[in-house]
2 protein chains.
Amino acid sequence: MNNNFRCNCPITSALDIVGDKWTLVIIKQMLLEGKKTFKGFSESDEAIASNILSSRLKMLEELKIITREKLPHNKKTNIYVLTEKGLGLTPTIIELTLWSDLNIREHHSSIISDNRIEMIKKNKEEFIKMIVEVYKQKTDYNKT
Amino acid sequence: MNNNFRCNCPITSALDIVGDKWTLVIIKQMLLEGKKTFKGFSESDEAIASNILSSRLKMLEELKIITREKLPHNKKTNIYVLTEKGLGLTPTIIELTLWSDLNIREHHSSIISDNRIEMIKKNKEEFIKMIVEVYKQKTDYNKT
DNA sequence: TTTTATTACTTTTGTTTTACAAGCAAAAAT
DNA sequence: ATTTTTGCTTGTAAAACAAAAGTAATAAAA
């Protein structure tokens, strides 16, 4: 598993994994929208096709960015959960949010104003920790 | 110019712009490797094809993430420069660097250890400011 | 000074890969 | 038996890719 990387640059290598149209969207849906099943992702606003979703979930699992689990009394539904490695992308996602808020509205007027933007600006570190903590709590709840 | 966005989510909209294999690589080359000409980008380790480079530079210029300029006595070479909007992606790139350093080495052993990682960890905000300042100084120098 | 060569992009061409939408199918749950 | 959930298949469209050709500015040589 030492392949498929364009070169030895850390940033380019990160983009070899998350540099596409869908990967960070899926992680965002898990982290910020509580999505955790195939159906949940499928029904999102972004409307990802099922075959692409399937292949991305597989890739993310292989790279240990997410895990695939089951609930005790349901052998069918897969529960996808962000690992620490996946949660490590939270700062990147938050920075993209800030950049978007400042720079994209001119091109996309109907973009949603996240009411947490002010909170993020006020204390970014704290906000990131909070998001990750909330996610972990929800995840623990789902497992029990 | 209110089109081509998948939905109204700020993060997804950001990824509609920078969510691909090449866009952030080009911005990284400008910001951290001093690249500023078509030839410079072409000769990079990542080996981007000239037609894709051409289309990305056009897109980035249209979105005002970069500008295209000329030096006084050279009508041939285009000088590409990051705008404030483009420089606003610095925190995202730095976060990707940190994530990569922590999480990708297991999949890609020959990845380079950036000796600035420790500096970034010690004072992220300061490092970002410094990178942006250094870029701006270089850019001013190039123009005069 | 005209010709020739080089540089810095830009575009074209043909091929391969990936994305996409719609529909299908298996297993499990109800 | 029917519905739900996951994910595969198929055909089509878009994008990426490599290689090559085109264009205009500059430099170098005859």
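So you know, we letter chains A, B, ... as the sequences are listed, proteins then strands, and number each from 1.
A donor-acceptor pair under 3.5 Å links the side-chain atoms of A:S42 to the main chain of A:F38, judged by distance alone. At distances below 3.5 Å, not a single donor-acceptor pair connects side-chain atoms of B:D101 with backbone N or O atoms of B:T97.
Between A:I11 and B:L24, every side-chain heavy-atom pair lies at or beyond the 4.5 Å cut-off. Residues B:V132 and B:F127 are not in side-chain contact: their nearest non-hydrogen atoms beyond the backbone lie 4.5 Å or more apart. Looking only at side-chain heavy atoms (C-beta outward), B:R6 and B:L15 come within less than 4.5 Å of each other. In this structure, B:I104 and A:P10 have side chains that are not in contact, with every pair of non-hydrogen atoms separated by 4.5 Å or more.
Between A:E61 and A:R68 there is a salt bridge, with a side-chain nitrogen of the basic residue lying less than 4.0 Å from a carboxylate oxygen of the acidic one.
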Between side-chain atoms of residues 118-126 of chain A and protein atoms elsewhere (two or more places apart, or another chain), which donor-acceptor pairs fall under 3.5 Å?
| unit_1 | atom_1 | unit_2 | atom_2 | d |
| --- | --- | --- | --- | --- |
| A:N123 | OD1 | A:E126 | N | 3.2 |
| A:K124 | NZ | A:E95 | OE2 | 2.7 |

Going by atom type alone, with no hydrogens or angles, which donor-acceptor pairs under 3.5 Å involve a side-chain atom of residues 77-89 of chain B and a protein atom two or more places apart or on another chain?
| unit_1 | atom_1 | unit_2 | atom_2 | d |
| --- | --- | --- | --- | --- |
| B:T77 | OG1 | B:N74 | ND2 | 3.2 |
| B:N78 | OD1 | B:K70 | NZ | 2.6 |
| B:N78 | ND2 | B:Y80 | OH | 3.3 |
| B:T83 | OG1 | B:K64 | O | 2.7 |
| B:T83 | OG1 | B:I65 | O | 3.0 |
| B:T83 | OG1 | B:K85 | N | 3.3 |
| B:T83 | OG1 | B:G86 | N | 3.2 |
| B:E84 | OE2 | B:K136 | NZ | 2.7 |
| B:K85 | NZ | A:E106 | OE2 | 3.1 |
| B:K85 | NZ | A:H107 | NE2 | 2.5 |
| B:K85 | NZ | B:L63 | O | 2.8 |

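What separates NZ of A:K36 from C1' of D:dT6 is a distance of 16 Å, to the nearest Å.
End-to-end axis angle of the helix from C:dT1-D:dA30 to C:dT30-D:dA1, from C1' rotation axes over five pairs per end: 10° (rounded to 10 degrees).
A search for side-chain hydrogen bond (donor to acceptor under 3.5 Å, both in side chains) contacts involving A:S13 returns B:H108, not counting sequence neighbours. The salt bridge (Lys or Arg N to Asp or Glu O under 4.0 Å) test applied to B:K21 returns no partner, not counting sequence neighbours. In terms of the side-chain hydrogen bond (donor to acceptor under 3.5 Å, both in side chains) criterion, residue partners of A:D20 (sequence neighbours excluded) are, by chain and number, A:T23, A:R56. Contacts of B:K39 classified as salt bridge (Lys or Arg N to Asp or Glu O under 4.0 Å), with partners at least two apart in sequence or in another chain: B:E43.
Looking only at atom types and distance, the side chain of A:K28 has a donor-acceptor partner in the side chain of B:T12 under 3.5 Å away.
Only A:K21, A:W22, listed by number, bring a heavy atom of residues 13-32 of chain A to less than 4.0 angstrom from any atom of DNA chain C. For DNA chain D, the residues of residues 40-52 of chain A within the heavy-atom distance limit of 4.0 Å (strictly under) are A:S50, A:N51, sorted by number. For DNA chain C, the neighbouring residues in residues 53-61 of chain A, judged by any heavy atom under 4.0 Å, are A:R56.
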Tabulate atom names and distances for all N/O pairs under 3.5 angstrom spanning the protein and nucleotides 25-27 of chain D.
| unit_1 | atom_1 | unit_2 | atom_2 | d |
| --- | --- | --- | --- | --- |
| D:dA25 | N3 | B:K76 | NZ | 3.4 |
| D:dT26 | OP1 | B:K75 | N | 2.5 |

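A:I112 and A:I131 fall into different hydrophobic clusters, defined by Ile, Leu, Val, Met, Phe, Trp and Tyr side-chain heavy atoms under 4.5 Å apart, directly or through other members. Hydrophobic clustering, with ILVMFWY side chains joined whenever heavy atoms are under 4.5 angstrom apart, keeps A:I94 apart from A:L102.
Closest approach of B:Y135 to B:M30, counting heavy atoms only: CE1-O, 3.3 Å.
Once you apply a 4.0 Å limit to the heavy atoms of chain A, the touched nucleotides of DNA chain C run 5' to 3' over C:dA19 to C:dA29.
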